[in-house]
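Would you mind keeping the following structure in view while I ask a few things?
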Amino acid sequence: MFQTEQNAIEEQIINIIAQKGLTIPEKIHWNAIPFSGEWGISTSFFQLAAQEARLNKTGQPQKLNVASLAQEIANAIAASITLPSGFSRVEAVKGYLNLYFSTADFSQRVVDTVLTQGDKFGWGEAKGQRILVEFSQPNTHKAFHVGHLRNVVIGDAICNILEAAGYDVIRANYINDTGLHVIKWLWNYQKYHLGERPGKDKTRWMGDLYAEANHRMEESPEAENEVRALFARWDQRDEEVIALWRESRQWSLDGFDEIYNLLGVRFDNIFYDHELEKPGQKLVEELIKKGIAIDERPEGPVIIRLDDLLGLKKETYRVLVILRSDGTSLYSTKDLPLAIEKFEKFNPDRSIYVIDVRQSLYLQQIYKTLAVMGHPDWSERCYHLSYEIVNLPGNVTIASREGTVVLLEDLVREAENRALEVVKEKNPELNSETMQEVAHMVALGAIKYPMLARDNNKIVTFDWKSALDFNGQAAPYIQYAHVRANSILRRMDGDLPDSTAPQYDLEPSEVQLIDLISRLPAEIQRAAQEYKPLHLTNLAYELARSFNDFYMQCPVLKAEPDIKSARLRLVAAARQAIANVLTILGIKAPQVM
RNA sequence: GCCCCUGUAGCUCAAUGGAUAGAGCACCGGACUUCUAAUCCGAUGGUUGUGAGUUCGAGUCUCACCAGGGGCGCCA
């Protein structure tokens, strides 16, 4: 946010270094100064000092040299640098050069920028690059549980982050509406539930019948043959089977729509498994003809020996199975034409797959297969955004087959009930409709935040106690800070005051709050670069904490007129920054709580 | 056997190779005639799994080992 000033200072530093006959560094790296009530930027000279120490070869212990040499360089620069306007002072400390902002100028700039840009504050300039993000990938005829939730929440947040960073994003879903799990479901339905229809909660009902199908199959010995026979009828496009599939599939799709609406997630493009089955089988034949795939049928499946094709001696990508020995399709049968279709249809600069970590080898195999098929460029543009799974306490894996699931609808309902209790207790004068709305926003925020607030490759352990705990580092805390800011602004007489540089010494809590607000644009870029929503959950929390600190220490409405004006604008800017970062995370910011 | 991930306070987790490793929870002690106390302040709590190495500097990079989890020819 202070690029111009940084550049001007960098130029000076480089000149001074050159005058001293020292090696000019390739890049000057700026950090924040550890906060002590003042605000500014900082760089260190250890690298430069180490370089000089090596060149001099004094034979002295280098350890002592570097620290003091870095301090000498910092001293020299501090002594001869001319501070651009907007800076209050410069200091050399422990090898660091610290440049402090004159808070009046810079805080005005930050606040003005936020209020001018409004809900686009933090957004980067358009990069002219297209990114396709595939996420969610639900299975029809199965339950939707908290394990699937992490995928949707991360995928949605990543799309928002990339969009905010300046990319053109295509949100893609890939719905698995065919496969063995569907046939099992149809078998159970035909045999034991024919004519029944789902109730209000479609996804739960579909999931229950799927779990039941698995139990029945375990119990009855003839089931496996019946299911196989049904799969064969499906493959022959038997009218009765197709009709039943079409109807039941739609129940799942309707249920998914409800879930996505509930979560506030949308898609630009939906790919369906069943559309890729035949193209996939055709593609397999081509690959066999080209000598890329090896046909071991009928004794074995159709495979691709990736290590052999790539000339790798050490086992790396191993063997990918692309068609069953009976000719029916696998995941890979369909993922290959899907990967191709994405490029042919959208030509994205990057094609991202949000899929859990257990499929990392498989996805590398798919990407490498694209390369050996003659599309190395596409292969390189593919990226597996992997994340760890959600477990239950005691390291129990969530499995829809076993029924060890926490259903999304149960979680949301419990969280809403809990949130409603708290709203009633904390703010009884709200009308019941508002209470419901607030409870909904709080519940969903509380559910989403912990899925985003730990690193993607860390396992999330779901337990009811912490899922329903709204205290501490959690979404409701951040939402509450937004509500407090909103509350002040609601009570303000008239419009927001015009911009002025504050004519008083800012409190440390004000300086810190402004500092954090100013970091949003850079943090969005970083989160996009590293595909890590975590950076934004951290910033959101720090913003809220800093605002609460400010709220405690700095009266706004009762302050002297000039102070009041500046603080009102700061409150408005803080509210905007918090709202923006929450929006990117897919979390709503309520007006009251 | 090969590969990947994780290991930081009692618990759950942070920390662009850089200044004194920080939060929350839990526990203990304080603060509501003051813009919403879903808040704030204070106290306690650390050999960053172990051992080497690279570096001026390592929780962060490299290697080995230990512990836990995951993946590896017809599941998705």
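Values in this document were obtained by computation on a predicted structure and should not be read as measured data.
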In whole Å, I'd like the distance from the CD1 atom of A:I73 to the C1' atom of B:rC56. 12 Å

Give the rounded distance in Å between these two atoms: CG of A:L516 and P of B:rA23.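 My rounded result for the distance is 13 Å.
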
When the P atoms of B:rC72 and B:rC27 are compared, how many Å lie between them, rounded to an integer?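 Taking atom P in both B:rC27 and B:rC72, they lie 43 Å apart.
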
If a stem is a run of at least 3 consecutive Watson-Crick or G-U pairs, both distances under 3.5 Å, which stems include RNA chain B?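 RNA chain B stems, ordered by first number: B:1-7 with B:66-72, B:10-13 with B:22-25, B:28-31 with B:39-42, B:49-53 with B:61-65.
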
Any base atoms under 4.0 Å from A:I459, or only sugar-phosphate, or nothing? Heavy atoms, all strands.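 Sugar-phosphate: the residue A:I459, judged by heavy atoms under 4.0 Å, touches backbone atoms but no base.
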
Have a look at A:L534 and say if it touches a base, only the backbone sugar-phosphate, or nothing, with a 4.0 Å heavy-atom cut-off.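 Sugar-phosphate: the residue A:L534, judged by heavy atoms under 4.0 Å, touches backbone atoms but no base.
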
Mind checking side chain to side chain donor-acceptor pair (under 3.5 Å) for A:S252 and listing every partner two or more places apart, or none if nothing turns up? none

When the distance from CG of A:L363 to P of B:rC4 is rounded to whole Å, what number comes out? 17 Å

In whole angstroms, how far is the P atom of B:rC5 from the CD atom of A:Q364? 12 Å

Go through the structure and list residues passing side-chain contact (heavy atoms from CB on, under 4.5 Å) with A:S332, not counting sequence neighbours.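 Counting only residues at least two positions away or on another chain, A:S332 forms a side-chain contact (heavy atoms from CB on, under 4.5 Å) with A:L320, A:I322, A:L330, A:Y362, A:I366.
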
Measure up the A:W464 and A:F462 rings against each other and bin them: parallel (under 30°), tilted (30 to 60°), perpendicular (over 60°). perpendicular

Fit a plane to each ring of A:Y477 and A:Y541, take the angle between them on a 0 to 90° scale, and name the class: parallel (under 30°), tilted (30 to 60°) or perpendicular (over 60°).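 Answer is tilted, since the angle falls between 30° and 60°.
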
List for me each residue that meets side chain to side chain donor-acceptor pair (under 3.5 Å) alongside A:R519, sequence neighbours excluded, and say none if there are none.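 Testing A:R519 for side chain to side chain donor-acceptor pair (under 3.5 Å), a comparison that skips the adjacent residues, returns A:D515.
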
Tell me, please, which residues at least two apart from A:E10 pass side chain to side chain donor-acceptor pair (under 3.5 Å).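 Here the qualifying residues are A:W30.
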
Within the 4.0 Å heavy-atom criterion, would you say A:N486 contacts the bases, only the backbone, or no part of the nucleic acid?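 Counting heavy atoms under 4.0 Å across all strands, no contact is made by A:N486.
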
Pull out every residue in residues 446-456 of chain A that has a heavy atom closer than 4.0 Å to any atom of RNA chain B, ordered by number, or say none. A:R454, A:D455

Could you tell me how far B:rG53 sits from B:rU44 if I compare only their P atoms? Round to whole Å.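 Going atom to atom, P in each nucleotide, I get 36 Å.
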
If I pick the C1' atom on B:rU39 and the same atom on B:rC63, what distance separates them, to the nearest angstrom? 49 Å

Among B:rA15, B:rC56, B:rC2, which nucleotide sits nearest the side chain of A:F46?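 Nearest to the side-chain atoms of A:F46, counting from C-beta on, is B:rC56.
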
Does A:R249 make a cation-pi contact with A:Y272, if we ask for NZ or CZ under 6.0 Å from the ring centre and within 45° of the axis? yes

Does any non-hydrogen side-chain atom of A:P533 lie less than 4.5 Å from one of A:N456? yes

Per-nucleotide protein contact string for nucleotides 26-41 of chain B (B base, S sugar-phosphate only, - none; heavy atom under 4.0 Å): --------SBBSBSS-

Please give, in whole Å, the distance from B:rA23 P to A:E542 CD?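 For the pair A:E542 CD and B:rA23 P, the rounded distance is 10 Å.
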
Protein-nucleotide distance (A:F45, atom CZ; B:rG18, atom P), rounded to Å: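 Answer to the nearest Å: 16 Å.
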
Which whole number of Å gives the distance between the C1' atom of B:rC25 and that of B:rA9? 12 Å

Whole angstroms only, please: what is the CG-C1' distance between A:D356 and B:rC4?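 Interatomic distance, CG of A:D356 to C1' of B:rC4: 13 Å.
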
Pick the P atom in B:rG18 and in B:rU60, then give their distance to the nearest Å. 11 Å

For A:F35, enumerate each residue passing the ring-ring contact (aromatic ring centres under 6.0 Å, His included) test, keeping only those at least two apart in sequence or located in another chain.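 For A:F35 there are no ring-ring contact (aromatic ring centres under 6.0 Å, His included) partners, ignoring immediate neighbours.
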
How long is the line joining NZ of A:K532 and C1' of B:rA14, in whole Å? 11 Å

Heavy atoms from other residues, nucleotides or ligands near CD of A:E296 exceed 12 (cutoff 6.0 Å): yes

Only pairs at least two apart or in different chains count here, so list each side-chain hydrogen bond (donor to acceptor under 3.5 Å, both in side chains) that has a residue in residues 553-562 of chain A. A:D549-A:Q553

C1' atom, B:rA15 versus B:rA31: distance in rounded Å?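 Taking atom C1' in both B:rA15 and B:rA31, they lie 31 Å apart.
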
A:V227 and A:L180, any side-chain heavy atoms less than 4.5 Å apart: yes

Does the B:rA19 base have a donor-acceptor partner in the side chain of A:S44 within less than 3.5 Å?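 A donor-acceptor contact between them is absent.
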
Show me the pairs that pass salt bridge (Lys or Arg N to Asp or Glu O under 4.0 Å) and involve residues 438-460 of chain A, at least two apart or across chains.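 Every salt bridge (Lys or Arg N to Asp or Glu O under 4.0 Å) pair that includes a residue of residues 438-460 of chain A, provided the two are not neighbours, is A:D455-A:K532.
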
Between the protein and nucleotides 72-76 of chain B, list every N/O to N/O distance that falls short of 3.5 Å.
from: B:rC72; atom 1: O2'; to: A:R318; atom 2: NE; distance (Å): 3.2
from: B:rC72; atom 1: O2'; to: A:R318; atom 2: NH1; distance (Å): 2.9
from: B:rC72; atom 1: O2; to: A:R318; atom 2: NH1; distance (Å): 3.3
from: B:rC72; atom 1: O2; to: A:R318; atom 2: NH2; distance (Å): 3.1
from: B:rG73; atom 1: O6; to: A:R305; atom 2: NH1; distance (Å): 3.0
from: B:rG73; atom 1: O6; to: A:R305; atom 2: NH2; distance (Å): 3.4
from: B:rC74; atom 1: O2'; to: A:R324; atom 2: NE; distance (Å): 3.4
from: B:rC74; atom 1: O2; to: A:S325; atom 2: N; distance (Å): 2.8
from: B:rC74; atom 1: O2; to: A:S325; atom 2: OG; distance (Å): 3.1
from: B:rC74; atom 1: N3; to: A:S325; atom 2: OG; distance (Å): 3.2
from: B:rC74; atom 1: N4; to: A:E299; atom 2: O; distance (Å): 3.3
from: B:rC75; atom 1: OP2; to: A:R324; atom 2: NE; distance (Å): 3.0
from: B:rA76; atom 1: OP1; to: A:R324; atom 2: NH2; distance (Å): 3.3
from: B:rA76; atom 1: N3; to: A:Q359; atom 2: NE2; distance (Å): 3.4

Mind listing the N/O atom pairs, protein and nucleotides 6-11 of chain B, below 3.5 Å?
from: B:rU6; atom 1: OP1; to: A:N457; atom 2: ND2; distance (Å): 3.0

Indicate syn or anti for B:rC32, taking the glycosidic torsion and treating anything within 90° of 0 as syn. syn

Where does the angle between the aromatic ring planes of A:H181 and A:H141 fall among parallel (under 30°), tilted (30 to 60°) and perpendicular (over 60°)? perpendicular

Indicate, with a heavy-atom threshold strictly under 4.0 Å, whether A:S42 touches base, sugar-phosphate, or nothing.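 Counting heavy atoms under 4.0 Å across all strands, the contact made by A:S42 includes a base.
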
Hey, are the side chains of A:L392 and A:I398 touching, using non-hydrogen atoms and a 4.5 Å cut-off? yes

